[in-house]
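Please read the structure below before turning to the comments.
Values reported hereafter were calculated over all heavy atoms of this structure, with side chains retained and with hydrogens, waters and symmetry mates removed.
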Amino acid sequence: MVGIRRFMTLAAAAMLVVLCCAAPDAEAGPGEFDNCTAPVQDETCLLLTLKTGGDDLRGGGNNLDVTVHTRSQGSRAVGNVNRDAGWSNGSTHRIGISLLKLFGKNIAADEITTVTLNANLFGRSAFEDPDNWNLDSATVEHSVSGGPPRELPPAVRTTPFRFTRSDSTRHLRLDGLLDSGFEWQGFRAIGAPWTTEAPTPKA
């Protein structure tokens, strides 16, 4: 009897060591924000497919925010779309954003002008360098009531792109209003209506 009790005690201790000392899984848990899994009738959704290149997004504070800009309904943001998970090299992730929930009303595809990606990159301790993240490709789609998505082609090529602490924002412009002599800037102010800078002077 004493032998059985001793065996059970040693087994329990060994199990405790395994549980306490196992390395945490950086990819654990769902790594994509998606509140469009069960859209109601006529609900519009924005779908983003993002492919990581040769440098991962760490997660755990080094997270990605997405802002949707529209022609007449202003701008709304969703923070931490990777839900604190790391996005490993070469991984692909699909984000679903309900425009009805985000704006309080449905947003048509041609109402969306720009989708902004902002990566929060910093060292998570005094011994860790700021994160960098390579985005190889980004696809923007629009769907209604969970139906077949419609791709919204970019007005200019925006990927591949390397996010760094000093260059942490990328604008995926979907409208073609700036394609007649206007130069795209690294930032934009959105209003109703929004404006941009004058044409770049010719040499």
Measure the spacing between OG1 of Thr92 and CG of Leu50 and express it to the nearest 0.5 Å.
-> 9.0 Å
Excluding sequence neighbours, so at least two apart, what forms side chain to side chain contact (heavy atoms under 4.5 Å, CB included) with Val144?
-> Thr44, His142
Separation of Thr70 OG1 from Lys105 NZ (nearest 0.5 Å) = 9.0 Å
Flag for His69-Thr113: side-chain donor and acceptor within less than 3.5 Å = no
Is Arg58 salt-bridged to Asp131, going by a charged N under 4.0 Å from an acidic O?
-> yes
With sequence neighbours left out, write down each residue that passes salt bridge (Lys or Arg N to Asp or Glu O under 4.0 Å) with Glu43, or none if nothing qualifies.
-> Lys101
Side-chain donor-acceptor pair under 3.5 Å between Asn132 and Thr164, yes or no?
-> no
Which atoms form the tightest heavy-atom contact between Thr158 and Arg170, and what is the distance?
-> O-NE, 2.9 Å
Could you pull out the closest heavy-atom pair between Ala77 and Leu102, with the gap in Å?
-> O-CD1, 3.8 Å
Can you sort out the partners of Asn80 under side chain to side chain contact (heavy atoms under 4.5 Å, CB included), two or more places apart, ordered by chain and number?
-> Asn63, Asn82, Asp84
Check: Thr114 and Thr67 side chains under 4.5 Å, non-hydrogen atoms = no
Hydrophobic cluster membership, Leu100 vs Leu48, 4.5 Å side-chain cutoff | no
When rounded to the nearest 0.5 Å, the distance separating CG of Asp110 from CG of Leu174 is 11.5 Å
Quick one: closest heavy-atom pair of Pro149 and Ser143, and the distance?
-> CA-CB, 4.1 Å
Mind checking the CG-CZ spacing from Asn134 to Phe161? Nearest 0.5 Å is all I need.
-> 10.0 Å
Which distance, rounded to the nearest 0.5 Å, do you find between the CZ of Phe103 and the CD1 of Ile112?
-> 7.5 Å
Of all pairs that satisfy salt bridge (charged side-chain N to carboxylate O under 4.0 Å, His left out), the ones with a partner from residues 137-162, not counting sequence neighbours | Asp55-Arg162, Arg94-Glu141
Nearest heavy-atom contact between Asn62 and Phe122 is ND2-O, 3.0 Å
The remaining residues in the hydrophobic cluster of Leu47, counting side-chain heavy-atom contacts under 4.5 Å among Ile, Leu, Val, Met, Phe, Trp and Tyr, are none
Name the atoms and distances for all side-chain donor-acceptor pairs under 3.5 Å in residues 34-42, with sequence neighbours left out.
unit_1: Asp34; atom_1: OD1; unit_2: Cys36; atom_2: N; d: 2.8
unit_1: Asn35; atom_1: OD1; unit_2: Ser98; atom_2: N; d: 2.8

Do you know which two heavy atoms are closest between Trp133 and Ala119, and how far apart they sit?
-> CE3-CB, 4.4 Å
Please lay out, stage by stage, how Asn106 and Leu99 fare under the test side chain to side chain contact (heavy atoms under 4.5 Å, CB included).
-> CA-CA 6 Å; Asn106 283 313; Leu99 298 172; 5.7 Å; no
Which distance, rounded to the nearest 0.5 Å, do you find between the CZ of Arg71 and the CD1 of Ile107?
-> 12.0 Å
Closest heavy-atom contact between Ala138 and Leu172?
-> CB-CD1, 3.9 Å
Let me see the working for His171 and Thr116 under side chain to side chain donor-acceptor pair (under 3.5 Å), right down to the final yes or no.
-> CA-CA 4 Å; His171 303 280; Thr116 297; 2.9 Å; yes
Side-chain donor/acceptor of Asp56 to backbone N/O of Ser88, under 3.5 Å = no
